[in-house]
Amino acid sequence: VARDGDNDVLRIVEYKHSARDGEEGNRLRTRARFRVSGAKLTFDPGTHKLKEMGAPAFSPDGKKIAFIGLDADGVTDVWTLELATATWTKLTSDVYAEKELDWSAKGIVFSADATETRHYNLFLVDPETKEVTRLTQASANHRFPAFTPEGDAIAFSGDDSSKWDIYQLSVAAAVQH
């Protein structure tokens, strides 16, 4: 995500990373190189009146990107972009503030203040049906969700005990409630 004039744009660039370790005297050095290769794609969200994009996450198959979009009215929502067709899809449409997100085969998890106390809790949206399920019910902030590699649990930060800690939530158990 990069700034281009008054709005953000999404740029997809393929690159290769290579690293080489070596010794110089009594020091170990790592030299890393990043080389841009392949096509560069730029997607302009201005046609959907989006001013800013944040928290991008690739779909499990790498064909779509989910992100938090901020529109011209100052409202944030969860969006996806299909890279092959440049199809933009708005998954949430509400007055609440959505923040960080992550994507797994179970869906897209995000934090939002769509709660009775306006604290941020975790929600799961199905990118196909747009059905939203609330995962946590707390009078505390639950932010920065990240799926485990298997996608069966979510790690997140929470201030449940008046200080920030890291928690883990079973997706199956949370969806049943």
Side-chain angles (χ1 to χ4, degrees), residues 1-15 36 39-147 151 154-160 164 166-167 169 171 174-175:
V1 177
R3 179 62 79 186
D4 187 3
D6 291 336
N7 300 323
D8 283 350
V9 294
L10 179 65
R11 292 198 173 106
I12 307 293
V13 180
E14 291 181 39
Y15 72 91
V36 174
K40 298 177 190 177
L41 304 173
T42 301
F43 299 95
D44 184 358
T47 57
H48 298 284
K49 298 184 174 136
L50 291 175
K51 302 290 282 173
E52 294 181 6
M53 301 163 55
F58 278 98
S59 62
D61 64 6
K63 295 180 179 180
K64 295 180 181 180
I65 292 181
F67 61 91
I68 303 296
L70 173 71
D71 69 18
D73 296 324
V75 177
T76 59
D77 283 299
V78 178
W79 288 74
T80 60
L81 169 63
E82 187 172 344
L83 300 175
T85 62
T87 302
W88 301 78
T89 304
K90 188 177 189 180
L91 299 181
T92 61
S93 187
D94 54 47
V95 297
Y96 300 107
E98 288 85 2
K99 293 287 185 187
E100 310 83 15
L101 59 76
D102 197 18
W103 198 339
S104 85
K106 304 283 187 192
I108 299 169
V109 63
F110 62 95
S111 60
D113 67 351
T115 64
E116 305 78 17
T117 61
R118 296 304 292 251
H119 284 95
Y120 285 86
N121 277 201
L122 300 183
F123 296 82
L124 185 72
V125 61
D126 182 316
E128 301 304 319
T129 66
K130 301 182 185 179
E131 181 181 343
V132 177
T133 303
R134 186 170 175 181
L135 298 179
T136 59
Q137 306 271 337
S139 294
N141 289 300
H142 292 168
R143 307 255 327 255
F144 312 105
F147 279 103
I154 300 166
F156 64 94
S157 296
D159 66 354
D160 295 58
W164 287 93
I166 298 173
Y167 297 90
L169 174 69
V171 176
V175 170

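Computation of the quantities below employed the complete heavy-atom set of this structure, encompassing side-chain atoms and omitting hydrogens, waters and symmetry-equivalent molecules.
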Practice item. Any chance you could lay out the side-chain contact (heavy atoms from CB on, under 4.5 Å) test for I65 and T80, step after step, and finish with the verdict? Key: CA-CA 5 Å; I65 292 181; T80 60; over 6 Å; no

Taking all non-hydrogen atoms of both residues into account, name the closest pair between [X] and [Y] and its distance.
X    : Y    : result
F156 : R143 : CB-O, 3.5 Å
A97  : T76  : CA-OG1, 3.4 Å
F67  : L101 : C-CD2, 3.7 Å
P127 : L91  : O-CD2, 3.7 Å

Check your understanding: Side chains of K130 and T89: does their closest heavy-atom pair fall under 4.5 Å?
Key ->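 SC-SC contact between K130 and T89 confirmed.
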
State which residues pass side chain to side chain contact (heavy atoms under 4.5 Å, CB included) with [X]; sequence neighbours excluded, sorted by chain then number.
X    : value
K64  : S59, E82, W103, E128
F43  : L10, I12, L41, L81, L83, A86, W88
A138 : N121, A140, H142, D160
S104 : K106, F147

Reported [atom1]-to-[atom2] distance for the pair [X] and [Y], which is rounded to 0.5 angstrom:
X    : Y    : atom1 : atom2 : value
T117 : N141 : OG1   : CG    : 8.0 Å
L124 : L122 : CG    : CG    : 9.5 Å
L50  : L70  : CG    : CG    : 8.0 Å

**Study point:** Non-neighbouring partners of D102 that pass salt bridge (charged side-chain N to carboxylate O under 4.0 Å, His left out), sequence neighbours left out
**Key:**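 So D102 forms no salt bridge (charged side-chain N to carboxylate O under 4.0 Å, His left out) with any residue.
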
Check your understanding: How would you list, by chain and number, every residue that makes a ring pair (Phe, Tyr, Trp, His ring centres under 6.0 Å) with Y96, sequence neighbours excluded?
Key ->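 By the ring pair (Phe, Tyr, Trp, His ring centres under 6.0 Å) rule, Y96 matches no residue at all.
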
Exercise for review: Keeping the roles fixed (side chain from D71, backbone from D73), state whether a donor-acceptor pair exists under 3.5 Å.
Suggested key: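 Such a contact is found between D71 side chain and D73 backbone.
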
Practice item. With sequence neighbours left out, write down each residue that passes side chain to side chain donor-acceptor pair (under 3.5 Å) with T87, or none if nothing qualifies. Key: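 T85.
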
Point to revise | Contact list for residues 110-122, test salt bridge (Lys or Arg N to Asp or Glu O under 4.0 Å), sequence neighbours left out | key: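 Listed once each, the pairs are D113-R118, E116-R134.
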
Practice item. Hey, could you give me each pair passing salt bridge (Lys or Arg N to Asp or Glu O under 4.0 Å) that has a residue in residues 87-98? Not counting sequence neighbours. Key: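 Qualifying pairs: D77-K90.
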
**Study point:** Summary of ring-ring contact (aromatic ring centres under 6.0 Å, His included) pairs that have at least one residue in residues 105-135, sequence neighbours excluded
**Key:**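 For residues 105-135: F110-F123.
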
